[in-house]
> 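Once you've had a glance at the structure underneath, I'll fire off some questions.
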Amino acid sequence: MSSLLESSDRQAIITRLRRLTPQHARRWGTMQSHQMVCHVSDALRVALGDLACRRRDSLLTRTLVKWLVIELRAPAPRGKVKTAPEMLTTAPAMWDADLGACETLIGRMATELPHSVHPAFGPLSPREWGILAYQHLDHHLRQFGV
């Protein structure tokens, strides 16, 4: 199972991320590529405990939905899942700086094991965070065809 805790999976995501440009057109959703980079960075900040995020979980999301997404890798419906507002707080500034910040956060996932509470899925183990973060980045990179 792919995870940001695995060196080869991290490198594969970073390679794909580096192919992304501000000009890439989205295949679905509303974000531009630069907004997406800031969004996935905010999600990584939540995982690492750098960004506080209000819990919005329920028994259903902490159990069945979490299991479907993390263990069975059920894909997120394109453009249908509402993200936590905290994961949309960083405004795009300079492309290279924002991309570099995202790469740094990806690297930190392996050295500072993620430990915070997910807003929808509740408490996650580092293993679960690694899988979920990989899936989230993969989803959004596919959104832009990379």
Side-chain angles (χ1 to χ4, degrees), residues 1-53 55-57 61-62 65-146:
M1 208 175 272
S2 298
S3 168
L4 285 190
L5 302 184
E6 298 295 327
S7 177
S8 60
D9 296 333
R10 264 192 325 280
Q11 191 54 53
I13 285 290
I14 288 171
T15 298
R16 290 170 62 195
L17 187 64
R18 288 177 179 167
R19 287 198 305 255
L20 187 68
T21 68
Q23 293 76 35
H24 267 90
R26 64 183 176 260
R27 294 178 171 181
W28 70 84
T30 60
M31 285 189 276
Q32 300 299 322
S33 60
H34 200 163
Q35 291 171 303
M36 180 274 286
V37 168
C38 293
H39 162 63
V40 296
S41 293
D42 283 343
L44 292 168
R45 287 182 184 101
V46 168
L48 291 163
D50 294 351
L51 181 61
C53 195
R55 286 182 72 165
R56 295 161 178 84
D57 56 313
T61 63
R62 281 190 313 272
V65 177
K66 174 180 153 180
W67 178 75
L68 288 170
V69 170
I70 296 173
E71 302 303 333
L72 290 187
R73 297 186 154 274
R78 295 178 175 184
K80 301 293 183 200
V81 177
K82 285 279 194 189
T83 193
E86 296 90 343
M87 292 184 189
L88 296 170
T89 56
T90 301
M94 299 294 294
W95 175 259
D96 290 336
D98 291 338
L99 200 62
C102 188
E103 284 188 37
T104 298
L105 290 160
I106 291 168
R108 284 180 57 202
M109 290 290 287
T111 60
E112 304 171 32
L113 293 179
H115 59 275
S116 69
V117 176
H118 189 275
F121 301 143
L124 297 180
S125 68
R127 174 192 165 274
E128 291 169 326
W129 268 119
I131 293 167
L132 185 62
Y134 178 91
Q135 287 178 252
H136 187 231
L137 280 153
D138 176 65
H139 168 80
H140 281 295
L141 289 169
R142 282 185 293 107
Q143 178 182 13
F144 290 90
V146 285

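Heavy atoms only: backbone and side chains are in, while hydrogens, waters and symmetry mates are out. In this chain, residues are counted from 1 in sequence order.
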> Not counting sequence neighbours, which residues clear side chain to side chain contact (heavy atoms under 4.5 Å, CB included) with Arg62? List them please.
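Only Arg55, Asp57, Leu59 meet the side chain to side chain contact (heavy atoms under 4.5 Å, CB included) criterion with Arg62.
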
> What residues form a ring pair (Phe, Tyr, Trp, His ring centres under 6.0 Å) with Phe144, not counting sequence neighbours?
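Not a single residue meets the ring pair (Phe, Tyr, Trp, His ring centres under 6.0 Å) criterion with Phe144.
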
> How long is the straight-line distance from OG1 of Thr89 back to CZ of Arg45, given to the nearest 0.5 Å?
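Answer rounded to 0.5 Å: 7.5 Å.
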
> Salt bridge (Lys or Arg N to Asp or Glu O under 4.0 Å): which pairs involve residues 23-37, sequence neighbours left out?
none

> Please tell me if the side chains of Pro114 and Met109 come closer than 4.5 Å, counting only heavy atoms from C-beta onward.
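Side-chain contact under 4.5 Å: yes.
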
> If you compare all heavy atoms of Ser41 against all heavy atoms of Cys102, which two are closest, and at what distance to 0.1 Å?
OG-CB, 3.2 Å

> Does any part of the side chain of His140, heavy atoms only, come nearer than 4.5 Å to the side chain of Val37, both counted from C-beta?
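SC-SC contact between Val37 and His140 ruled out.
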
> Is there side-chain contact between Ser116 and Val46, with at least one heavy-atom pair below 4.5 Å?
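Yes, side chains in contact.
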
> Looking at residues at least two apart in the chain, or sitting in another chain, which of them share a side-chain hydrogen bond (donor to acceptor under 3.5 Å, both in side chains) with Asp98?
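Expected list: His34.
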
> List the steps, then state whether side chain to side chain contact (heavy atoms under 4.5 Å, CB included) holds for Leu4 with Leu44.
CA-CA 10 Å; Leu4 285 190; Leu44 292 168; 3.9 Å; yes

> Nearest 0.5 Å, what's the CG-CG distance between Leu99 and Leu17?
4.5 Å

> Could you list the residues that satisfy side chain to side chain contact (heavy atoms under 4.5 Å, CB included) with Leu113, not counting sequence neighbours?
Leu5, Pro126

> Going by the rule ring pair (Phe, Tyr, Trp, His ring centres under 6.0 Å), which residues pair with His24 if we only count those two or more places apart in sequence or in a different chain?
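Not a single residue meets the ring pair (Phe, Tyr, Trp, His ring centres under 6.0 Å) criterion with His24.
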
> Give me the atom names and distance for the closest heavy-atom approach of Pro119 to Met87.
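Result for this residue pair: CG-CE, 3.7 Å.
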
> Going by salt bridge (charged side-chain N to carboxylate O under 4.0 Å, His left out), name the residues that satisfy it together with Arg108, two or more places apart in sequence or in a different chain.
Asp50, Glu112

> Of all residues at least two apart in sequence or in a different chain, which pass the salt bridge (charged side-chain N to carboxylate O under 4.0 Å, His left out) check with Arg73?
none

> Under a 4.5 Å cut-off applied to non-hydrogen side-chain atoms, are Pro85 and Arg56 in contact?
yes

> Under 6.0 Å between the ring centres of Trp129 and His136?
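Judged by ring-centre distance (under 6.0 Å), Trp129 and His136 do not meet the cut-off.
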
> For Val117 and Gly122, which heavy atoms make the closest approach, and how far apart are they?
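Looking at all heavy atoms of both residues, the closest pair is CG1-C, 3.5 Å.
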
> Using the salt bridge (charged side-chain N to carboxylate O under 4.0 Å, His left out) criterion, which residues pair with Arg19? Sequence neighbours excluded.
none

> Who passes side-chain hydrogen bond (donor to acceptor under 3.5 Å, both in side chains) against Gln135, sequence neighbours left out?
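With neighbours one apart ignored, the set is empty.
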
> Which heavy atom of Gln32 sits nearest a heavy atom of Gln35, and at what distance?
N-OE1, 2.7 Å

> Which of these, Arg10, Arg18, Arg16, sits in a salt bridge (Lys or Arg N to Asp or Glu O under 4.0 Å) with Glu103?
Arg18

> Taking only residues two or more places apart in sequence or in another chain, which ones pass salt bridge (charged side-chain N to carboxylate O under 4.0 Å, His left out) with Asp9?
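Testing Asp9 for salt bridge (charged side-chain N to carboxylate O under 4.0 Å, His left out), a comparison that skips the adjacent residues, returns none.
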
> Can you list every salt bridge (Lys or Arg N to Asp or Glu O under 4.0 Å) pair that touches residues 120-136, not counting sequence neighbours?
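Pairs touching residues 120-136 that pass the test: Lys66-Glu128, Glu71-Arg127.
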
> For residues Leu124 and Ile70, determine if any side-chain heavy atom of one lies less than 4.5 Å from a side-chain heavy atom of the other.
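Yes. Closest side-chain heavy atoms under 4.5 Å.
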
